[in-house]
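We count ligands from 1, going down the list as the structure has it; atoms in each ligand are counted the same way.
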Amino acid sequence: MANKILVTGGLGYIGSHCVVALCEAGYEPVIVDNHSNARASVLERLERLTGRELSCFDIDIRNRAGLETLLQREPCQGLIHLAAFKAVGESVAQPLRYYDNNVGGSVSLFDAFDAAGGGAIVFSSSATVYGDVEAKSLHENMPVQPTNPYGQTKAMIEQVLADMVRARDARSRGLALRYFNPAGAHDSAIIGEDPKDAPNNLFPIIVQVAVGQRERLTIFGEDYDTPDGTGVRDYIHVVDLAQAHVKALTVLLSGGFDAPFTALNLGTGTPYSVREVIAAFEAELSRKLPQTMGERRPGDVATLVADPSAAMAQLGWRAERGLEAMVRDAWRWAGAARQWGLWDEDT
Ligand code: UD1
């Protein structure tokens with residue numbers, strides 16, 4: 001019988017791609033999602049894409065009793081934990097909501113999972129835990145010093161997980177995956193990034209400009225110490241990212257790590273500036289996108305690029321898709337989402 005894997009936030013952007021990757025690798029995903037940032041139609045589209053009926057439960061991760069009951073009914077050997085609030089600006093305005101949902105929810109979830117027998121825990125962390133650092137590329141040994149409540153919640157959950165799995169009676173092992181900038185969509189164009197609220201990230205904002213939902217794109221600063229003056233990031237295709245989760249889980253389940261807790265960067269190691277991303281979209285669309293130069297966005301850093309060598313060495317994984325594929329797949333997904341009316345005003 002296939003290993004069952006609990007996936008919290010399994011209807012979200014990264015979660016839905018993880019569900020597909022898990023099915024492809026022969027696992028049986030058990031989705032938990034409270035629909036706070038996912039559309040109801042994701043499940044039906046995931047079932048179409050994977051060709052199977054999926055188990056999905058509407059449980060908030062703070063509901064420990066609900067999780068306990070679920071894990072009794074559906075014993076899971078692994079957990080991929082992605083459910084979280086993720087807007088940096090909102091986390092500054094409503095820190096307690098973030099600490100309650102992200103940190104409180106994770107404590108409740110990890111506790112329920114370990115009490116039910118434990119297993120392999122893969123946690124969705126973020127490169128944002130490194131904070132404002134000046135380095136060409138970021139290595140896992142660099143200090144964790146987030147600069148906003150959202151980043152703090154990710155750092156705290158890593159710590160909670162590390163302490164929990166190092167405890168004498170722990171039955172679980174843990175891995176935190178520090179994502180750089182996820183982008184793109186599944187190449188079927190059946191799932192993709194589909195935020196309910198106004199997006200803050202570069203890719204979905206460019207897509208909104210390209211489809212005419214937003215008048216123009218604002219480049220947040222051209223006076224950074226980077227080759228063309230605009231911010232430089234490490235964009236990683238969401239399918240590569242999802243496959244890394246499955247690799248991580250497989251390695252954990254086979255007892256492949258020496259330490260009970262490990263943190264790994266997930267990036268490509270290839271830097272791209274804001275201008276280069278816009279140029280890649282313009283090449284894909286064969287037209288110019290309306291854009292203006294704006295001020296720096298508060299809290300942004302000049303460069304955030306991964307040293308991905310540890311994930312390559314320890315997971316036997318490397319990102320295979322480049323910027324062109326991210327742009328092409330994001331654009332194909334946008335076409336499909338619009339065709340289905342997903343992005344009409346009131347859906
Ligand atoms: C942001 C979050 C980060 C989170 C990540 C998830 C902030 C400060 N950081 O990272 O915590 O983990 O998303 O994907 O919100 N840009 C523009 N114009 C725009 C939007 C973005 O020029 O309209 C630029 C930004 O200045 C940056 C780059 O594009 O240089 C990427 O921005 P974004 O996609 O928002 O990601 P991050 O800021 O890296």
Exercise for the section: For the pair F203 and F281, name the ring-plane relationship: parallel under 30°, tilted 30 to 60°, perpendicular over 60°. Expected result: perpendicular

Exercise for the section: Can you see which heavy atom on L304 is nearest to which on G131, and at what distance? Expected result: CD1-O, 4.4 Å

Handout entry: Y235 to M326 - nearest heavy-atom pair and separation
Key = O-CE, 3.0 Å

What protein heavy atom is closest to [atom], reported as residue, atom name and distance in Å?
atom                    : value
atom 12 (O) of ligand 1 : S126 OG, 3.2 Å
atom 31 (C) of ligand 1 : Y235 OH, 3.4 Å
atom 4 (C) of ligand 1  : Y150 CE2, 4.2 Å
atom 32 (O) of ligand 1 : R297 NH2, 3.5 Å
atom 36 (O) of ligand 1 : N181 ND2, 3.1 Å
atom 2 (C) of ligand 1  : V88 CG2, 3.8 Å
atom 16 (N) of ligand 1 : F220 CD1, 3.6 Å
atom 14 (O) of ligand 1 : N201 ND2, 3.7 Å

Problem - V133 side chain reached by Q145 side chain, heavy atoms, under 4.5 Å - result: yes

Practice task
Before accepting this row, confirm whether a basic side-chain N of the pair R48/E44 lies closer than 4.0 Å to the acidic partner's carboxylate O.
Solution key: yes

Problem - Salt-bridge present (R275, E222; N to O < 4.0 Å) - result: yes

Exercise for the section: Consider ligand 1: state whether an atom of it lies below 4.0 angstrom from any non-hydrogen atom of Y272. Expected result: no

Exercise for the section: Could you tell me whether ligand 1 has any atom less than 4.0 Å away from a heavy atom of I219? Expected result: yes

Practice task
Specify side chain, backbone, both or neither for V277, according to which of its non-hydrogen atoms lie closer than 4.0 Å to ligand 1.
Solution key: neither

Practice task
For ligand 1, note which part of T218 has a heavy atom under 4.0 Å away: side chain, backbone, both or neither.
Solution key: backbone

Exercise for the section: Going by heavy-atom distance to atom 8 (C) of ligand 1, choose the closest among T303, I14, I236, D300. Expected result: D300

Handout entry: From D234, T226, V232, T128 - option closest to atom 11 (O) of ligand 1 by heavy atom
Key = T128

Practice task
Indicate whether any N or O donor in one side chain lies under 3.5 Å from an N or O acceptor in the other, for D132 and T147.
Solution key: no

Handout entry: Residues N148 and Y98: side-chain donor-acceptor under 3.5 angstrom
Key = no

Problem - F85 six-ring centre to R97 NZ/CZ under 6.0 Å and within 45° of normal - result: yes

Exercise for the section: With heavy atoms of N200 as the reference, note each atom of ligand 1 found under 4.0 Å away. Expected result: 20 (C), 35 (O)

